[in-house]
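Report on the structure given below.
From a predicted model like this one, the values you see are computed outputs, not experimental measurements. Each chain gets a letter, A, B and so on, in the order the sequences are listed, and its residues count up from 1.
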Number of protein chains: 2
Amino acid sequence: MTSRTISDFYRKHRQELLYGVSLALLLFVLRWLELRFLVLDHLIEIYVGAIALLFTGLGIWLAHKLTTPKVETRIVERAVYVAAGDEFTVNEPERLRLGISHRELEVLQLVAEGLSNQAIGERLFVSLNTVKTHSSRIFEKLEVRNRTQAVERARRLGLIG
Amino acid sequence: MTSRTISDFYRKHRQELLYGVSLALLLFVLRWLELRFLVLDHLIEIYVGAIALLFTGLGIWLAHKLTTPKVETRIVERAVYVAAGDEFTVNEPERLRLGISHRELEVLQLVAEGLSNQAIGERLFVSLNTVKTHSSRIFEKLEVRNRTQAVERARRLGLIG
DNA sequence: TGTAAAATCACCCGAAAGTATGACTCGAAA
DNA sequence: TTTCGAGTCATACTTTCGGGTGATTTTACA
């Protein structure tokens with residue numbers, strides 16, 4: 001396991017780690033409070049109150065972290081295209097004729113959406129290298145040299161919508 | 001105070017009332033649990049655990065109620081009329097709206113044909129750098145990050161055939 | 001159940017694309 | 001005359017693509 005992998009792991013699981021550490025700390029504080037107040041058992045109400053407060057806070061914090069990771073107002077401008085109504089179906093015979101696999105077609109569709117290889121890999125849960133292999137094969141089969149031409153050609157052949 | 005006023009009051013302060021009632025109920029349960037378990041003081045941990053759980057839940061619920069209405073997504077839909085016929089004419093209003101110059105459109109068309117920047121430069125008798133400048137401006141104006149997305153978008157907007 | 005095709009991933013390398021910034025020319029408009 | 005947009009070009013840099021090669025694992029099917 002390299003340091004790259006470790007930092008990747010940290011990045012990906014930062015939140016979970018934070019929660020874990022926070023919970024551990026809380027339990028520690030709990031224990032301390034317990035030992036502190038248990039001897040004076042008429043202070044049990046204060047103790048319980050503190051616990052209640054503490055955990056209400058924890059709940060709020062948790063919910064906040066979990067439900068509002070981005071409190072930004074998104075303005076999505078969506079263009080509605082008239083006269084582009086018909087549904088698309090893949091030209092299956094053409095796909096078979098060119099020997100393009102399902103996975104390759106899938107990659108091709110994402111390429112057509114303008115995604116980078118990296119982004120495609122993340123979308124399909126495969127590595128960058130795999131995406132590159134797929135796209136290279138696609139280019140070969142479509143007899144083109146780059147993704148833009150591939151999209152152009154695939155459109156004309158009815159492989160993508 | 002009429003019944004109308006009362007129902008108005010209820011509508012306006014429904015949330016606050018709910019909170020109040022809930023809190024009262026909680027305190028009641030608390031009290032009950034206290035009496036229940038205090039005699040068996042080795043069950044204090046269970047008691048405290050229950051309290052903790054309860055109030056964590058309360059916190060989450062509170063936070064949820066308080067923060068969810070703040071998420072706001074505005075979707076601006078805009079109709080774009082694309083020529084449905086076979087012959088293509090540039091959607092001039094759209095070009096002007098986006099502030100895309102004629103030269104830029106020319107470059108965009110060649111990009112759509114799948115030419116490399118180098119090839120576009122040779123076709124238009126300008127340097128590679130000039131083509132890059134143009135295409136960068138195009139990307140900005142179309143709000144995209146690469147040529148594939150640019151072609152995709154330009155096609156939909158009726159800027160290219 | 002064995003085999004071929006498909007899918008996955010890695011590493012290297014050079015080319016192409018894209019970003020950022022600045023500068024120069026030219027013609028039209030203020 | 002000044003100003004401004006469009007077009008041109010450059011330098012420097014980072015990122016992404018695409019080609020080549022080889023390998024392992026999964027899946028499909030005969």
Side-chain angles (χ1 to χ4, degrees), chain A residues 1-6 8-9 11-12 90 92 94-154 159-160, chain B residues 90 92 94-154 159-160:
Chain A
M1 192 184 254
T2 68
S3 82
R4 167 81 183 275
T5 321
I6 291 176
D8 271 3
F9 180 84
R11 246 198 308 286
K12 283 184 179 174
V90 178
E92 195 66 11
E94 198 64 23
R95 184 185 74 78
L96 292 172
R97 190 180 70 79
L98 296 172
I100 293 173
S101 75
H102 291 93
R103 196 57 158 172
E104 283 163 358
L105 186 60
E106 209 168 348
V107 170
L108 182 54
Q109 283 162 348
L110 295 178
V111 166
E113 284 181 24
L115 298 190
S116 68
N117 286 339
Q118 183 66 53
I120 293 172
E122 282 163 15
R123 184 79 75 89
L124 298 179
F125 303 106
V126 296
S127 82
L128 171 60
N129 289 312
T130 303
V131 177
K132 284 168 125 189
T133 305
H134 283 314
S135 55
S136 280
R137 293 240 166 82
I138 293 168
F139 298 158
E140 278 175 25
K141 291 172 182 175
L142 290 179
E143 296 173 300
V144 295
R145 314 195 142 280
N146 58 53
R147 50 183 55 221
T148 311
Q149 285 178 352
V151 171
E152 174 77 7
R153 186 156 184 79
L159 296 174
I160 56 178
Chain B
V90 178
E92 195 66 12
E94 199 64 23
R95 185 184 73 77
L96 292 172
R97 191 183 73 80
L98 296 172
I100 293 175
S101 73
H102 292 92
R103 196 57 158 174
E104 283 164 358
L105 186 59
E106 209 167 347
V107 171
L108 183 54
Q109 283 163 348
L110 295 178
V111 166
E113 286 180 24
L115 298 189
S116 69
N117 286 338
Q118 185 66 55
I120 294 173
E122 284 163 14
R123 185 78 75 87
L124 299 180
F125 303 107
V126 295
S127 82
L128 170 63
N129 289 311
T130 303
V131 177
K132 283 180 163 188
T133 304
H134 282 316
S135 55
S136 279
R137 293 238 168 83
I138 293 168
F139 299 160
E140 278 177 26
K141 291 171 182 176
L142 290 179
E143 293 173 302
V144 296
R145 315 194 62 73
N146 59 53
R147 52 182 54 224
T148 312
Q149 285 179 351
V151 171
E152 170 78 6
R153 187 155 181 78
L159 296 174
I160 56 180

Legend entry - Under 3.5 Å: donor-acceptor pair, side chain of B:Lys141, backbone of B:Gly99: yes
Contacts of B:Val126 and A:Leu115 projected onto DNA chain D by closest heavy atom; the upstream (5') one is B:Val126
*asked:* Assuming nearest nucleotide by heavy-atom distance, tell me which of B:Arg103 and A:Ser135 is located more 5' along DNA chain D.
replied: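 By nearest-heavy-atom nucleotide position, the 5'-most residue is B:Arg103.
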[N] phosphate, OP1 or OP2, under 4.0 Å from [X] side-chain N/O:
X: A:Arg137; N: D:dG19; result: no
X: B:Arg145; N: C:dG18; result: no
X: B:Thr130; N: D:dG7; result: no
X: B:Ser127; N: D:dT8; result: no
X: A:Asn117; N: D:dT16; result: no
X: A:His134; N: C:dA7; result: no
X: A:Ser136; N: D:dG18; result: no
X: A:Arg147; N: D:dC17; result: yes
X: A:Ser101; N: C:dA7; result: yes

inquiry  = Quick test of your reading of the model: are A:Arg97 and A:Glu94 salt-bridged, counting only N-O distances below 4.0 Å?
reply    = yes
Any carboxylate oxygen within less than 4.0 angstrom of a Lys/Arg side-chain nitrogen, looking at A:Glu92 and A:Arg95?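 Here A:Glu92 pairs with A:Arg95 in a salt bridge, since their nearest N and O are under 4.0 Å apart.
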_B:Thr133 (side chain) and D:dC9 (base): donor-acceptor pair under 3.5 Å_ =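 Flag set: donor-acceptor pair detected.
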**Item:** Which residue lies more 5' along DNA chain C, comparing A:Asn146 with A:Lys141 via nearest heavy atoms
**Value:**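 The residue mapped nearer the 5' terminus is A:Lys141.
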